[in-house]
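What follows is a set of notes on a single structure, which appears directly below.
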Amino acid sequence: MSKRALVTIDIQNDYFPGGKWTLDGMEAAADNAARLLAAARSAGDTIVHVHHEFASADAPFFAPGTPGAAIHQKALPLSGETQVLKHTVNAFQNTNLKDILEAAGAEELLICGAMSHMCIDAAVRAAKDFGFTCTVAQDACATRELEFNGKTIPADQVHAAYMSALGFAYASTPTTDEVLGG
């Protein structure tokens with residue numbers, strides 16, 4: 001049994017062009033996530049697809065049961081692959097994700113998805129706190145620009161800041177090509 005698990009987080013329709021909360025670079029991130037999924041499937045690694053739904057139908061995005069909350073076609077789970085529904089930013093909070101990973105014998109997590117500055121950051125930090133070794137495929141993640149004190153921070157800078165912070169103490173942050181050895 002492999003000790004590695006791939007955890008995809010929130011690769012959902014609302015984050016793609018035409019969705020309710022479009023992220024910069026989501027198409028490219030999903031293409032890289034699809035490559036990671038193919039490799040994990042080939043290697044027999046544990047795969048967990050995490051997706052988010054807010055509790056209310058009037059949510060700004062990921063409203064329950066809507067097409068926008070569905071996992072995007074580029075990262076659809078195959079039959080038998082585990083799915084975890086979350087209702088908060090942290091994929092471990094009030095879910096069985098930790099139990100699933102421990103039952104699979106996972107010690108190393110490869111994480112990708114969205115948003116770099118929210119759900120990826122929260123999941124990686126929690127996973128590390130639970131004792132998992134973490135890798136974030138940084139080009140298989142996406143985010144959006146943020147505003148702070150009247151200043152707009154471009155998405156690429158938001159992403160770089162979060163990957164830098166995670167890389168300092170929580171995870172390695174290679175590219176998908178580096179993860180795949182190519």
Side-chain angles (χ1 to χ4, degrees), residues 2-17 19 21-52 61-62 68-78 81-84 86 89-92 97 100-101 106-128 132-146 154-168 170-182:
S2 174
K3 294 183 182 221
R4 183 176 52 200
L6 172 63
V7 180
T8 67
I9 299 177
D10 300 350
I11 304 176
Q12 295 168 250
N13 291 329
D14 271 343
Y15 281 159
F16 286 80
W21 201 258
T22 305
L23 303 184
D24 289 1
M26 192 62 202
E27 291 278 1
D31 288 341
N32 285 325
R35 293 172 57 209
L36 295 170
L37 277 164
R41 289 168 177 151
S42 178
D45 292 342
T46 297
I47 298 171
V48 181
H49 301 267
V50 177
H51 59 284
H52 191 150
F61 55 98
F62 297 162
I71 295 174
H72 191 271
Q73 66 183 2
K74 290 183 179 185
L76 284 175
L78 296 181
E81 291 177 351
T82 303
Q83 296 184 54
V84 171
K86 67 182 177 85
V89 171
N90 183 344
F92 288 92
L97 178 58
I100 290 166
L101 295 168
E107 295 175 4
E108 305 167 19
L109 305 185
L110 173 57
I111 298 172
C112 65
M115 291 186 288
S116 306
H117 72 281
M118 292 296 291
C119 300
I120 298 302
D121 181 65
V124 171
R125 290 171 187 261
K128 181 70 171 177
F132 294 102
T133 299
C134 299
T135 300
V136 178
Q138 52 99 349
D139 60 350
C141 298
T143 196
R144 59 185 293 151
E145 69 181 24
L146 296 177
D156 63 335
Q157 291 179 19
V158 172
H159 179 75
Y162 275 83
M163 292 301 112
S164 174
L166 290 175
F168 182 76
Y170 288 94
S172 63
T173 56
T175 64
T176 299
D177 282 346
E178 291 168 338
V179 168
L180 298 177

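None of these values were measured; they are calculated from a predicted model.
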Smallest separation among heavy atoms of [X] and [Y], with atom names:
X    : Y    : value
E178 : T175 : OE1-N, 2.8 Å
L23  : A114 : CD1-CB, 3.4 Å
F132 : A106 : CE2-O, 3.3 Å
A91  : K86  : CA-CD, 3.6 Å
L76  : E81  : O-OE1, 4.4 Å
T22  : F16  : OG1-O, 3.4 Å

Report yes if the side chains of [X] and [Y] come closer than 4.5 Å at any heavy-atom pair, otherwise no.
X    : Y   : answer
K74  : E27 : yes
T46  : V48 : yes
L101 : F92 : yes
H49  : I71 : yes
C112 : N32 : no
I9   : H51 : no
R41  : I47 : yes

Could you tell me whether [X] and [Y] make a salt bridge, using a distance below 4.0 angstrom between a side-chain N and a carboxylate O?
X    : Y    : answer
D177 : R35  : yes
D24  : R144 : no
K3   : E107 : yes

Quick one: pull up [atom1] in [X] and [atom2] in [Y] and give me the separation to the nearest 0.5 Å.
X    : Y    : atom1 : atom2 : value
C141 : L166 : SG    : CG    : 9.0 Å
D31  : M26  : CG    : CE    : 10.0 Å
Q138 : I120 : CD    : CD1   : 12.0 Å
M115 : Y162 : CE    : OH    : 10.0 Å

Practice task
Go through M163 and V136 one step at a time and tell me if the side-chain contact (heavy atoms from CB on, under 4.5 Å) criterion holds.
Solution key: CA-CA 8 Å; M163 292 301 112; V136 178; 3.8 Å; yes
Exercise for the section: Mind telling me whether F61 and Y15 have parallel, tilted or perpendicular rings, with 30° and 60° as the class edges? Expected result: tilted
Exercise for the section: Establish, from distance only, whether the side-chain atoms of H52 and Q12 form a donor-acceptor pair under 3.5 Å. Expected result: no
Exercise for the section: Would you please say whether a donor-acceptor pair under 3.5 Å links the side chains of H159 and T143? Expected result: no
Problem - Candidates L110, L109, V179 - the one meeting side chain to side chain contact (heavy atoms under 4.5 Å, CB included) with L6 - result: L110
Fill in the blank from the handout: From the list V124, L36, T8, side chain to side chain contact (heavy atoms under 4.5 Å, CB included) with I111 holds only for V124
